[in-house]
Structure formats: C-alpha cells, structure tokens
Amino acid sequence: MAKTIEIEYEGKTYTLEFTRNSVKQLENRGFKISELKDKPANLIPEFFAGAFIANHRFVKREIVDKIFDNLKNKDGLIGVLGDMYNDTLTSLIGDDEEKEGNIAWKVV
C-alpha cells in the first residue's frame, strides 16, 4: 500500500501518510486533487497538512505550517505525497483478484 514519510522537527518524529479515512476527511474539507495545479498557494499547504490526519490529527496547524515552511525539496515532497495519495485511491478501487475471500460479481 502507500508509503509513509518521516519528518523530524524539534525532537519529535512525524509520520505522514494517507489512508482511506484521511483522504475522505481531506476531501470533506473541500480539497480536490484536480485543483492542485490551479490553486497551488492554497492547496499545497492543505495537501501537506492532510498527510498529518492519519497519525497526527491533533497537531496544531501552526506547527504543520512551520514544518512545511522549513522543509527542503518541497517539489520532490509534493510529488511523493501525490504518489501516496494516488496509491490510497488505487487501494479503494483497485482490482485484487488474487486476494482470498474477495466477493465476485456478475452482470445478468
């Protein structure tokens, strides 16, 4: 499934990831991945903050923003976050026929 990102900040390790639930929460806040290129100033920080939901939901947004502001290679980070987000969506709709116990369906 999806990868995780670890960030050390002020002596604490933050593990960023997307889960089905955290993606749902991010989307419920109005985030649309399709708008990321059109509204980068608003959505890139929101996208980054969304990766905190799964493991660090109670970290204040002020801390999340400070971490983001001080990160190196933000362009690379956004690419990895995009991959993680897409992996999570793929796990939702992906076809895993080899998984034991999957329920088959057919058109009649």
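All residue numbers in this chain count up from 1 along the given sequence.
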query: Is a side-chain donor or acceptor of His56 paired with a backbone partner of Leu16 at a separation under 3.5 angstrom?
result: no
- request: Please check if atom NZ in Lys24 has more than 12 non-hydrogen atoms from other residues, nucleotides or ligands closer than 6.0 Å.
  value: no
- request: Using a 4.5 Å cut-off on heavy atoms from C-beta on, say whether the side chain of Ile5 contacts that of Glu17.
  value: no
message: Within a 6.0 Å radius of atom CD on Glu62, are there more than 12 heavy atoms belonging to other residues, nucleotides or ligands?
response: no
message: Below 30° counts as parallel, above 60° as perpendicular, anything between as tilted: where do the rings of Tyr85 and Phe31 land?
response: perpendicular
field: Beyond-backbone contact of Leu77 with Phe48, side-chain heavy atoms, under 4.5 angstrom
entry: yes
- prompt: More than 12 heavy atoms of other residues, nucleotides or ligands under 6.0 Å from CG of Asp69: is that the case?
  reply: yes
- request: Could you grab the distance from atom CD1 of Ile63 to atom CZ of Phe58, nearest 0.5 Å is fine?
  value: 16.0 Å
message: Contact between Tyr9 and Val64 at the side-chain level, heavy atoms closer than 4.5 Å - yes or no?
response: no
query: Quick one: does Phe68's side chain get under 4.5 Å of Asn70's, heavy atoms only?
result: no
query: Are side-chain heavy atoms of Glu27 and Ser22 found at a separation under 4.5 Å?
result: no
message: Any non-hydrogen side-chain atom of Gln25 less than 4.5 Å from a side-chain atom of Arg57?
response: yes
- prompt: Quick one: are Asp87 and Phe18 in side-chain contact, heavy atoms under 4.5 Å?
  reply: no
- request: Taking all non-hydrogen atoms of both residues into account, name the closest pair between Thr19 and Thr88 and its distance.
  value: C-CG2, 3.4 Å
message: Looking at every heavy atom in both Pro40 and Pro45, which two are closest together, and how far apart are they?
response: O-CD, 3.7 Å
statement: So CG of Asp83 and CD1 of Ile78: to nearest 0.5 Å the spacing works out to 11.5 Å
task: Mind checking the CG-NZ spacing from Leu43 to Lys32? Nearest 0.5 Å is all I need.
output: 10.0 Å
- request: Indicate whether the side chain of Glu6 and that of Thr13 have a donor and an acceptor atom separated by less than 3.5 Å.
  value: no
query: Is the closest basic N to carboxylate O distance between Arg29 and Glu46 below 4.0 Å?
result: yes
- prompt: Is the shortest heavy-atom distance from the side chain of Asn55 to the side chain of Tyr14 under 4.5 Å?
  reply: no
